[in-house]
There are 4 protein chains.
Amino acid sequence: MDYVYGPGRNHLFVPGPVNIPEPVIRAMNRNNEDYRSPAIPALTKTLLEDVKKIFKTTSGTPFLIPTTGTGAWESALTNTLSPGDRIVSFLIGQFSLLWIDQQQRLNFNVDVIESEWGQGANLDILASKLAADTAHTIKAICIVHNETATGVTNNLAKVRKILDDYRHPALFLVDGVSSIGALDFRMDEWGIDVSITGSQKALSLPTGIGFVCASPKALEASKTAKSVRVFFDWKDYLKFYNMGTFWPYTPSIQLLYGLRAALDLIFEEGLDNVIARHSRLGKATRLAVEAWGLKNCTQKEEWFSDTVTAVLVPPYIDSSEIVRRGWKRYNLSLGLGLNKVAGKVFRIGHLGNLNELQLLGCLAGVEMILKDVGYPVKLGSGVGAACAYLQNNIPLIPSRI
Amino acid sequence: MDYVYGPGRNHLFVPGPVNIPEPVIRAMNRNNEDYRSPAIPALTKTLLEDVKKIFKTTSGTPFLIPTTGTGAWESALTNTLSPGDRIVSFLIGQFSLLWIDQQQRLNFNVDVIESEWGQGANLDILASKLAADTAHTIKAICIVHNETATGVTNNLAKVRKILDDYRHPALFLVDGVSSIGALDFRMDEWGIDVSITGSQKALSLPTGIGFVCASPKALEASKTAKSVRVFFDWKDYLKFYNMGTFWPYTPSIQLLYGLRAALDLIFEEGLDNVIARHSRLGKATRLAVEAWGLKNCTQKEEWFSDTVTAVLVPPYIDSSEIVRRGWKRYNLSLGLGLNKVAGKVFRIGHLGNLNELQLLGCLAGVEMILKDVGYPVKLGSGVGAACAYLQNNIPLIPSRI
Amino acid sequence: MDYVYGPGRNHLFVPGPVNIPEPVIRAMNRNNEDYRSPAIPALTKTLLEDVKKIFKTTSGTPFLIPTTGTGAWESALTNTLSPGDRIVSFLIGQFSLLWIDQQQRLNFNVDVIESEWGQGANLDILASKLAADTAHTIKAICIVHNETATGVTNNLAKVRKILDDYRHPALFLVDGVSSIGALDFRMDEWGIDVSITGSQKALSLPTGIGFVCASPKALEASKTAKSVRVFFDWKDYLKFYNMGTFWPYTPSIQLLYGLRAALDLIFEEGLDNVIARHSRLGKATRLAVEAWGLKNCTQKEEWFSDTVTAVLVPPYIDSSEIVRRGWKRYNLSLGLGLNKVAGKVFRIGHLGNLNELQLLGCLAGVEMILKDVGYPVKLGSGVGAACAYLQNNIPLIPSRI
Amino acid sequence: MDYVYGPGRNHLFVPGPVNIPEPVIRAMNRNNEDYRSPAIPALTKTLLEDVKKIFKTTSGTPFLIPTTGTGAWESALTNTLSPGDRIVSFLIGQFSLLWIDQQQRLNFNVDVIESEWGQGANLDILASKLAADTAHTIKAICIVHNETATGVTNNLAKVRKILDDYRHPALFLVDGVSSIGALDFRMDEWGIDVSITGSQKALSLPTGIGFVCASPKALEASKTAKSVRVFFDWKDYLKFYNMGTFWPYTPSIQLLYGLRAALDLIFEEGLDNVIARHSRLGKATRLAVEAWGLKNCTQKEEWFSDTVTAVLVPPYIDSSEIVRRGWKRYNLSLGLGLNKVAGKVFRIGHLGNLNELQLLGCLAGVEMILKDVGYPVKLGSGVGAACAYLQNNIPLIPSRI
């Protein structure tokens with residue numbers, strides 16, 4: 001039943017879908033249930049409350065839409081904007097590119113601020129656009145918090161500050177797909193109007209829930225937004241929220257129970273500890289890359305991502321071959337370079353329910369692959385550098401002290 | 001971890017989500033995988049081929065969209081039609097009503113043919129509309145094959161015949177959510193242009209895949225359809241089909257493996273045997289209803305549904321109380337009456353991976369509930385009537401002969 | 001992966017192994033763990049405490065041996081007795097016969113009190129034997145609480161009373177395999193010295209734990225018992241109990257977690273409610289048998305078993321054919337008649353995590369099978385009789401009120 | 001439900017119970033079944049045939065006893081020997097010690113050949129004992145193939161040769177608990193009379209099946225062996241084998257399906273490839289130990305074990321603290337030193353369904369722990385040494401080429 005079997009565990013280090021913890025797999029191992037019985041609304045109620053903690057919002061309204069991140073994007077845009085609306089969007093890699101493509105196909109007037117792939121969003125240009133926009137023609141700022149293709153994390157607090165500096169009322173829409181639940185993310189504090197993520201990323205579930213969390217201002221905007229929408233319409237959800245039955249159409253019973261378990265695990269570990277763990281994993285990965293003598297695709301430390309590292313390979317190596325060998329020889333799944341960086345980078349996803357020894361196994365595998373493809377790595381060097389950092393920084397597991 | 005525990009199995013007889021067979025639960029009991037590895041495209045390829053057999057099409061192109069039936073509706077409409085297009089749609093119950101609501105919100109010009117709830121689509125009116133439409137302003141006919149709210153199955157072959165009689169080129173869009181994989185359904189033979197269903201119905205999976213199958217004519221229409229769409233756009237799927245990677249965004253790994261297992265079970269049993277089994281279950285249920293002295297909400301035999309039976313209760317009984325007692329006392333999940341028939345009918349879903357003894361346990365439960373709520377049923381009468389039919393008609397299990 | 005597939009659920013009504021509740025299946029769905037880590041002893045400690053509640057003992061010492069009921073028998077005997085010891089044992093059916101065979105092969109001097117199959121233990125003969133045994137040559141009384149082959153429940157309180165009446169010091173060893181956790185069982189109150197059961201019976205787990213619970217008197221006896229034993233030796237367990245590591249050899253991690261879940265479910269329902277539920281299921285089954293015009297193999301009401309009913313068939317019917325047809329046509333698993341009653345009885349197991357509607361589905365199936373094999377049953381009669389009783393007696397599910 | 005949660009996967013490197021592959025976990029994720037239906041005997045038949053391939057025997061008769069390795073030992077001894085029989089047994093570590101303890105408690109006359117812990121069985125002494133035993137008073141040679149406590153593999157071919165050299169008819173009983181299915185093992189070629197193993201070792205299942213495989217000579221011996229036995233008696237199994245129902249008492253349905261999946265995985269990989277993989281894992285581990293400047297508890301290369309490595313620590317370190325820190329800080333489960341080597345060695349189990357990157361993660365963890373406890377290890381040194389070997393020796397995964 002496994003499609004292509006290899007002995008031992010698959011080492012899953014793509015930046016999503018990520019490893020599902022055993023307790024979550026267990027929680028989803030169940031028959032269907034009537035979603036109109038009293039049990040599912042009762043469960044849903046706890047989920048909606050607790051999901052807000054992951055977004056760090058108290059005033060936001062979450063929607064758990066049976067879709068992917070792409071659908072969550074669409075829900076964020078169509079519920080808050082009208083066709084022809086001017087929006088500012090940052091193009092810094094493949095996923096921001098795809099979001100912009102969606103924005104354009106949804107008939108928004110997209111003002112694209114492009115950066116070189118490997119750099120973060122150019123916030124200076126944002127500032128000048130906002131400064132110039134005294135008529136407030138810009139209706140929304142759309143930004144990917146963590147660009148999964150290049151391992152670049154943007155500074156959302158700074159975006160907020162710029163908006164505030166110019167007292168600009170534009171909506172602040174954030175793709176947190178590869179950040180929320182893993183990186184520091186503060187919806188309320190940063191004045192984010194719509195935050196979105198997907199279940200298969202930091203929450204470590206299967207694909208299938210697109211999380212969309214709307215601020216009161218976003219909800220207000222949804223009342224007049226003229227974009228056509230039905231499946232993704234918040235209005236239908238809100239109607240069922242009011243009725244206490246919560247679901248305008250059938251949710252996945254399994255994912256609801258899985259989400260309950262996933263949230264319980266995060267709260268048991270502590271969200272701040274989860275974020276600190278990702279910080280350790282990111283730092284350790286970057287130290288290994290450095291020890292190998294390779295460059296990080298991300299050009300400055302301020303943009304380093306703690307959920308994914310895109311590693312540049314020398315020109316004489318095809319990074320796709322690295323990914324292929326991982327799969328074929330070591331049962332290791334790495335991320336390909338995409339679009340502009342295809343063949344030039346491979347990616348190590350280090351997000352979700354993952355610990356340091358899992359990562360070290362992956363790093364050891366990457367070392368062997370590098371040797372396989374002719375890069376003169378000193379075997380053990382990356383793992384050693386990572387260990388030197390980790391051995392000083394891993395806390396005891398609290399429940400086992 | 002179960003939200004509201006009761007001893008023994010839950011008897012799940014809502015018309016979706018339905019019981020998942022153990023082998024399918026097993027197949028989905030797994031970690032995530034890289035959907036860009038060679039394994040997932042190889043798996044997907046078999047699924048796309050085999051799903052066509054369930055739709056009985058060889059020329060259709062299936063899309064396995066990570067969404068629900070509501071999303072599948074939206075995908076069918078927005079890919080084939082343009083805003084303002086005139087479409088004919090039949091209103092015969094809650095689910096056709098919801099689809100029409102969607103059609104209107106998507107800005108189509110909907111020509112509604114309404115029937116009394118409990119009756120099938122009025123095809124005479126369709127015929128006269130088509131006769132009158134010599135200019136071919138009608139772009140599509142939208143019909144729910146099996147209206148889940150009233151247990152009414154429409155005659156799709158007759159719809160086709162009427163279209164042919166008038167040589168009308170309108171697209172033929174069919175909601176087969178509670179029929180495909182359980183009732184006789186022939187996409188190619190009946191000239192259906194888009195057929196849709198959902199994973200949590202006859203296929204007996206969790207919610208999460210909206211199946212949309214497009215005829216060549218529908219694919220052609222999608223090239224010029226002007227409805228705004230991104231997440232639901234077939235074009236993105238077709239692009240990835242051509243590349244052999246199949247997925248424009250992340251699918252649920254678990255549902256893909258689950259679908260593989262679900263299809264294998266259906267083929268092992270034989271699709272025609274699956275349909276015959278549903279016919280037995282439907283007939284047995286109706287015989288029980290008759291023995292109880294109750295009326296079927298469906299007004300004529302030609303519309304009787306083999307996947308769900310809506311039972312009318314006497315005016316002095318609130319049908320919602322029947323559903324509540326099933327849940328509270330017997331661990332039995334029945335379907336509520338919806339909208340116009342709320343309080344007046346309760347529904348027995350008998351679709352998916354279900355056998356006769358499971359149904360008989362449900363029918364025995366309904367008898368006790370009827371007694372509970374003051375209806376003078378003769379205990380054992382419905383089960384006896386059902387058994388009298390079933391004992392003559394159940395075949396031996398082929399693998400056990 | 002299912003060996004012989006049939007559509008829908010298998011209706012499992014053999015008197016063991018029985019249906020496993022979904023939460024227990026989930027709890028066991030896990031990788032192995034180091035049984036010497038702190039986690040497993042901590043888990044084991046709760047299990048040993050809580051298992052005592054199922055036996056209704058506070059002074060007993062439980063052993064969770066990785067074996068079956070047959071192994072549990074052997075552990076009970078070899079730890080308390082020496083070769084040549086005289087024991088009194090009751091032969092009333094296949095399982096008491098097998099235990100006696102074991103007792104003889106273990107070289108005890110077995111004084112067998114035989115009854116007709118279908119009758120309970122002859123306690124008058126026990127009384128006279130004890131009366132005669134003023135020298136206390138009888139070292140133990142061995143009795144099967146519930147003979148699974150004939151559906152006979154013996155009166156343990158009366159056995160205790162007889163022992164007390166004669167102030168006889170014999171050990172009181174009880175096979176509670178098909179009773180403990182389902183029937184009223186009071187180890188301390190009835191002065192039982194060793195009680196045994198198996199995980200696949202009322203506890204509704206897979207096979208694999210033989211539960212043996214020893215009174216202080218039995219523990220004392222084990223210090224001088226000369227029967228050869230190693231794997232089954234309580235001494236090794238007690239040594240590890242004292243060390244706090246609990247396991248002399250590797251336990252099944254999965255069964256330990258499964259047992260935790262199984263106990264939690266029983267305590268959530270309430271042990272007395274569990275016993276009352278079995279009483280309802282037993283009574284309903286017997287009413288159905290009566291309505292069919294068939295005889296219970298159990299000859300008197302005082303012996304009626306609430307966990308299994310052995311049904312006598314007319315001489316012109318082979319009861320094995322009933323079991324075969326259940327399997328081949330209805331996906332129903334019934335128990336065969338064994339040994340002396342082979343061909344003459346079939347058995348309906350109604351123990352473990354089972355509810356009334358599940359049983360009614362089974363009873364409907366039996367009616368159709370009876371018709372299949374030529375017995376003139378009125379279809380619906382047994383189900384109706386059972387419903388008439390159940391509809392008056394099923395309580396609301398407490399968690400759903 | 002996890003007893004003591006830590007983020008990410010537990011790294012399970014005790015020498016049993018070992019990691020269960022996901023397909024095997026899936027196969028066991030099921031309800032109980034009637035073991036007297038036709039399905040279970042049909043399944044069992046394939047298992048008995050295929051298990052023989054793991055033992056490399058065609059003439060042997062396997063028994064799948066619901067017990068642990070300790071029970072399998074007891075079954076091997078009591079079925080072939082009579083109380084008072086003289087047997088030669090080798091004491092080289094904790095597990096051979098425990099087996100000898102069992103042999104003595106079962107009243108055999110045990111002639112113990114002791115070696116220093118860390119050395120293999122002293123076969124010279126065996127030779128001289130056999131030479132002296134012209135009267136053939138020695139009835140059996142008992143040897144642990146792979147002593148799990150010290151990581152010592154004995155040379156079974158040499159034992160056979162010695163027996164042959166002296167034409168000694170003693171039975172040759174082998175504990176293959178931590179070898180069969182992982183190390184080169186040839187029951188027929190080496191003339192082994194009883195081979196035993198446990199499900200939780202190389203077969204990578206939960207605990208619960210004690211495998212005992214008997215040669216024709218052993219079966220013959222069982223007819224006259226006078227040791228008392230019932231639960232472990234082969235005779236009962238053989239009786240049910242002849243009847244085609246296979247089980248004298250209830251097996252674990254889940255373990256039978258799990259074993260089917262486990263065997264399928266081994267055959268898909270190829271048993272010889274499985275053995276080669278273990279050889280790589282063992283070699284890589286030993287290279288790491290060497291790079292760390294630590295000593296292997298195993299004193300000579302000829303005894304090096306490919307399933308477990310016992311590592312000696314310097315006298316100023318308590319090896320138990322290494323195991324504790326693994327658990328508390330790194331979610332890594334290592335094996336303790338046992339008995340004579342308690343505090344002096346820790347053990348890395350590298351058997352079962354395990355691949356190289358998993359092992360490298362473990363080795364990286366051990367390096368950090370060593371640093372934690374004050375041993376001056378160069379971080380990355382062990383991993384680097386292991387990688388240098390592995391990168392040259394890991395084959396491509398055949399199904400992915």
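So that the names make sense, note that chain A is the first sequence line, chain B the second, and so on, each numbered from 1. Heavy-atom basis, side chains included; hydrogens, waters and symmetry copies ignored.
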Trainee: Can you tell me how far apart CH2 (A:W327) and CD1 (D:I397) are? Round to the nearest 0.5 Å.
Mentor: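 If we round to the nearest 0.5 Å, A:W327:CH2 and D:I397:CD1 are 7.5 Å apart.
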
Trainee: Under a 3.5 Å cutoff, is there a donor and acceptor pairing between the side chains of A:R9 and D:N353?
Mentor: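 There is no such pair (donor and acceptor under 3.5 Å, judged by atom type) between the side chains of A:R9 and D:N353.
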
Trainee: Heavy-atom pairs under 4.5 Å with chain A: which of D:R324, D:H11, D:E367, D:K371 has the most?
Mentor: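 Ranked by contacts with chain A, first place is D:H11.
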
Trainee: Under 4.5 Å from any heavy atom of chain A, what part of D:L390 do you find: side chain, backbone, both or neither?
Mentor: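 Both backbone and side chain.
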
Trainee: Do any of residues 269-292 of chain A come closer than 4.5 Å to chain D, heavy atom to heavy atom, and if so which ones, in number order?
Mentor: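 Within residues 269-292 of chain A, the residues under 4.5 Å from chain D are A:E269, A:R277.
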
Trainee: Examine whether an atom of A:L265 lies under 4.5 Å from a heavy atom of chain D, and if so say whether it belongs to the side chain, the backbone or both; otherwise answer neither.
Mentor: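 Contact with chain D involves both backbone and side-chain atoms of A:L265.
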
Trainee: Looking only at heavy atoms, which two atoms of D:Y330 and A:I394 are closest? And how far apart?
Mentor: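 Here D:Y330 and A:I394 meet closest at CE2-CD1, 3.6 Å.
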
Trainee: Given the options D:N331, D:N10, D:V383, which has more heavy-atom pairs under 4.5 Å with chain A than any of the others?
Mentor: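 Looking at each option in turn, the highest pair count goes to D:N331.
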
Trainee: Could you work out, with side-chain hydrogen bond (donor to acceptor under 3.5 Å, both in side chains) as the rule, every residue matching D:S252, not counting sequence neighbours?
Mentor: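 For D:S252 there are no side-chain hydrogen bond (donor to acceptor under 3.5 Å, both in side chains) partners, ignoring immediate neighbours.
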
Trainee: Relative to chain A, which of D:I266, D:L363, D:L379 shows the most heavy atom pairs under 4.5 Å?
Mentor: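 If we count pairs closer than 4.5 Å to chain A, D:L379 comes out on top.
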
Trainee: Using heavy atoms and a sub-4.5 Å threshold, report which of residues 178-185 of chain A line up against chain D, by residue number.
Mentor: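 Listed by number: none.
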
Trainee: Only pairs of heavy atoms separated by less than 4.5 Å count here; which of D:R329, D:E356, D:R325, D:K378 has the most with chain A?
Mentor: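 If we count pairs closer than 4.5 Å to chain A, D:R329 comes out on top.
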
Trainee: Heavy-atom pairs under 4.5 Å with chain A are the metric here; pick the option from D:A364, D:G6, D:P7, D:A388 that has the most.
Mentor: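 Top count of heavy-atom pairs under 4.5 Å with chain A: D:P7.
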
Trainee: How far apart are the closest heavy atoms of A:Y5 and D:E268, and which atoms are they?
Mentor: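 So the minimum-distance heavy-atom pair works out to CB-OE2, 3.3 Å.
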
Trainee: For the interface with chain A, which of D:I25, D:L332, D:N29 has the highest count of heavy-atom pairs at distances below 4.5 Å?
Mentor: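 Most heavy-atom pairs within the cutoff with chain A belong to D:N29.
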
Trainee: Taking side chain as C-beta onward, heavy atoms only, is A:L360 less than 4.5 Å from D:M368?
Mentor: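 Side-chain contact under 4.5 Å: yes.
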
Trainee: What part of D:L396 is in contact with chain A, defined as an atom under 4.5 angstrom from a non-hydrogen atom: side chain, backbone, both or neither?
Mentor: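 D:L396 touches chain A through backbone and side-chain heavy atoms alike.
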
Trainee: Select all residues of residues 12-20 of chain A having any heavy atom within less than 4.5 Å of some heavy atom of chain D, and report them by number, or 'none'.
Mentor: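 Under the 4.5 Å heavy-atom cut-off, nothing qualifies.
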
Trainee: Identify which part of D:P395 has an atom lying under 4.5 Å from any heavy atom of chain A, answering side chain, backbone, both or neither.
Mentor: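 It is the backbone, since no side chain atom gets that close.
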
